[in-house]
Peer 1: 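Sharing a structure below in structure tokens format, with a few things to ask.
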2 protein chains.
Amino acid sequence: MRIGELATKAGVSVRALRYYEEQRLLWAERSASGQRHYPDPAVERVQLIQMLYSAGLSSSTIASLLPCVDAKESTPESRAILAAERERIDAQITTLIRTRDRLDDVIASTTSPSNGCVVTHA
Amino acid sequence: MRIGELATKAGVSVRALRYYEEQRLLWAERSASGQRHYPDPAVERVQLIQMLYSAGLSSSTIASLLPCVDAKESTPESRAILAAERERIDAQITTLIRTRDRLDDVIASTTSPSNGCVVTHA
DNA sequence: CTCACCTCTGACGTCAACGTCAGGTCCCAG
DNA sequence: CTGGGACCTGACGTTGACGTCAGAGGTGAG
């Protein structure tokens, strides 16, 4: 498929796909005229990339982890990065849960202006 | 306390505190010479601000929520924002858990180069 | 063949939360 | 009273993941 179709299917922009290629996260066959052509599995790959980006990983970190996904092979360095990122995400989950609970406290303790209070839920 | 002490106690930079003030998230008394002086509870306030920033809230969103924390009073708009951000964080936790699990899969399926495989855990 | 739409390669723009530097003022221990 | 640190206000720099625009060429249904 061409870049526009991949962008639609994966839910990202065409620009983003070119950026991923620039960051060596994604490659494409080129037609004689230079147009990119992707295989079907590229959709899942892009979604994985997006997933990792949204978890706060940088391009270079993702680039160093994708070989583990592609070849199911790891070096000591890539294993260290994998473990470290996993822990980072775990810690992030923990603080997010705390933040959510804090917001819940605020929601619970908050009342409308000039409201009598103690309205347990609505 | 002065700005340097607050920065140390709250674990942020002096520049960040001035930025928070610029964003109307924080205020300070001023001495005759113009130096900022903060009360003790400012430490917790800054930590709350940091917590919200790290959960992905923007300055303006935080600014619109802090009155709920300060006055325990909410308008329909602020209640809507509170609820929306809570849901956003909740969704973010969900996808982070999925990402973490995905990384765990990669870690589990990954082997050292030229390793025999099937080592269930170590 | 044609025309609307897609794609190409640069290359500059954006945005938020600060970092950093300059030039000047303030505070206080010695 | 003095020196070195802390503080002040601008104001420009940074970073990453794209957005956007320009100018040129490719693609395919009718």
Side-chain angles (χ1 to χ4, degrees), chain A residues 1-39 42-43 45-66 81 85 88-89 92 95 99, chain B residues 1-39 42-43 45-66 81 85 88-89 92 95 99:
Chain A
M1 77 189 77
R2 293 194 299 172
I3 198 170
E5 189 180 350
L6 176 57
T8 302
K9 284 187 177 172
V12 304
S13 71
V14 167
R15 176 68 174 93
L17 293 179
R18 297 205 188 100
Y19 178 73
Y20 298 166
E21 184 171 320
E22 193 181 328
Q23 300 298 308
R24 306 184 167 283
L25 310 179
L26 193 62
W27 316 274
E29 304 280 318
R30 293 301 188 114
S31 73
S33 62
Q35 298 209 347
R36 294 170 179 85
H37 285 273
Y38 301 91
V43 176
R45 188 187 183 81
V46 171
Q47 284 168 346
L48 173 61
I49 293 172
Q50 265 294 101
M51 183 185 236
L52 295 174
Y53 268 129
S54 70
L57 307 211
S58 68
S59 293
S60 69
T61 304
I62 296 175
S64 64
L65 294 187
L66 283 180
I81 296 176
E85 290 303 323
R88 222 183 37 73
I89 291 173
Q92 198 178 339
T95 70
T99 305
Chain B
M1 77 189 78
R2 293 194 300 172
I3 198 170
E5 189 179 351
L6 176 58
T8 302
K9 285 188 176 171
V12 303
S13 69
V14 167
R15 178 65 174 94
L17 293 179
R18 296 204 188 100
Y19 178 74
Y20 299 165
E21 184 170 321
E22 192 180 327
Q23 301 298 309
R24 306 185 166 283
L25 309 179
L26 194 62
W27 316 274
E29 305 280 318
R30 295 298 188 117
S31 72
S33 62
Q35 299 209 345
R36 295 170 179 84
H37 284 270
Y38 299 91
V43 176
R45 187 185 184 83
V46 170
Q47 285 168 345
L48 173 60
I49 291 172
Q50 266 293 101
M51 182 185 243
L52 295 175
Y53 269 128
S54 69
L57 307 210
S58 67
S59 293
S60 68
T61 304
I62 296 175
S64 66
L65 294 187
L66 282 181
I81 296 177
E85 292 302 323
R88 221 182 40 71
I89 291 173
Q92 197 178 340
T95 71
T99 306

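Chain identifiers are assigned alphabetically (A, B, ...) following the order of the sequence lines, protein sequences preceding nucleic acid strands; residue numbering begins at 1 within each chain.
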Peer 1: Check the phosphate of dC27(C) against Ser33(B), side-chain N and O only, distance under 4.0 Å to OP1 or OP2. Yes or no?
Peer 2: yes
Peer 1: Using heavy atoms to find the nearest nucleotide of DNA chain C for Gln50(B) and Gly4(A) separately, return the residue whose nucleotide is more 5′.
Peer 2: Gly4(A)
Peer 1: Say whether, by atom type as modelled, one donor and one acceptor occur between the side chain of Thr61(A) and the main chain of Leu57(A) under 3.5 angstrom.
Peer 2: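 Looks like no, no N/O pair under 3.5 Å.
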Peer 1: Nearest whole Å is fine: how far is dT7(C) C1' from Tyr38(A) OH?
Peer 2: 11 Å
Peer 1: Over how many whole Å does the gap from Gln23(B) atom CD to dA17(C) atom C1' extend?
Peer 2: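 Gln23(B) atom CD is separated from dA17(C) atom C1' by 8 Å.
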Peer 1: What is the separation between atom CG on Leu26(B) and atom P on dC18(C), rounded to the nearest whole Å?
Peer 2: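 Going from Leu26(B) (CG) to dC18(C) (P), I get 12 Å.
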Peer 1: Please state how far atom CD in Glu21(B) lies from atom C1' in dG10(D), giving the value in whole angstrom units.
Peer 2: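 So the two atoms are 14 Å apart, to the nearest Å.
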Peer 1: Using a heavy-atom cut-off of 4.0 Å across all strands, would you classify Leu57(B) as base, sugar-phosphate, or nothing?
Peer 2: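 Here Leu57(B) touches the backbone only, sparing every base.
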Peer 1: Could you tell me how far apart Glu22(A) (CD) and dC18(D) (C1') are, to the nearest whole angstrom?
Peer 2: 10 Å
Peer 1: Could you tell me whether Glu85(A) and Arg88(A) have a side-chain N and a carboxylate O separated by less than 4.0 Å?
Peer 2: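 Yes, this pair counts.
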Peer 1: Side chain of Ser58(B) only, heavy atoms from C-beta on: which candidate in dA17(C), dC18(C), dA17(D) is closest?
Peer 2: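 Nearest to the side chain of Ser58(B) among the choices is dA17(C).
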Peer 1: Distance check needed: dA17(C) P versus Ile62(B) CD1, whole Å only.
Peer 2: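 Result: 7 Å.
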Peer 1: Assign each of Arg15(B) and Arg18(B) to its nearest nucleotide of DNA chain D by heavy atoms, then name whichever residue's nucleotide is nearer the 5' end.
Peer 2: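 That would be Arg18(B).
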Peer 1: Does OP1 or OP2 of dC18(D) have a side-chain N or O of Tyr20(A) closer than 4.0 Å?
Peer 2: yes
Peer 1: Can you tell which of dG19(C), dA6(D), dA17(D) lies closest to the side chain of Ser13(B)?
Peer 2: dG19(C)
Peer 1: Where the side chain of Ile3(B) is defined as all heavy atoms beyond and including C-beta, which of dC7(D), dT9(C), dT27(D) is the nearest nucleotide?
Peer 2: dC7(D)
Peer 1: Rounding to a whole Å, what distance do you find between Ile49(A):CD1 and dA17(D):C1'?
Peer 2: 13 Å
Peer 1: Counting only side-chain N and O atoms of Arg36(B), is one of them less than 4.0 Å from OP1 or OP2 of dC7(D)?
Peer 2: no
Peer 1: Under 4.0 Å between a side-chain N or O of Tyr19(B) and OP1 or OP2 of dA17(C)?
Peer 2: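 Answer is yes, contact under 4.0 Å.
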Peer 1: For Glu21(A), is there an ion pair with Arg45(A) - N to carboxylate O distance below 4.0 angstrom?
Peer 2: no
Peer 1: State, without any angle test, whether Gln35(A) and Arg2(A) hold a side-chain donor-acceptor pair at a distance under 3.5 Å.
Peer 2: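 Checked: Gln35(A)/Arg2(A) side chains pair up, N/O donor to acceptor below 3.5 Å.
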Peer 1: If I take atom OH in residue Tyr53(B) and atom P in nucleotide dA16(C), what distance separates them, rounded to the nearest angstrom?
Peer 2: 10 Å
Peer 1: Under a 4.0 Å threshold between the charged nitrogen and the carboxylate oxygen, would Arg18(A) count as salt-bridged to Glu22(A)?
Peer 2: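 A salt bridge is absent here (no side-chain N lies under 4.0 Å from a carboxylate O).
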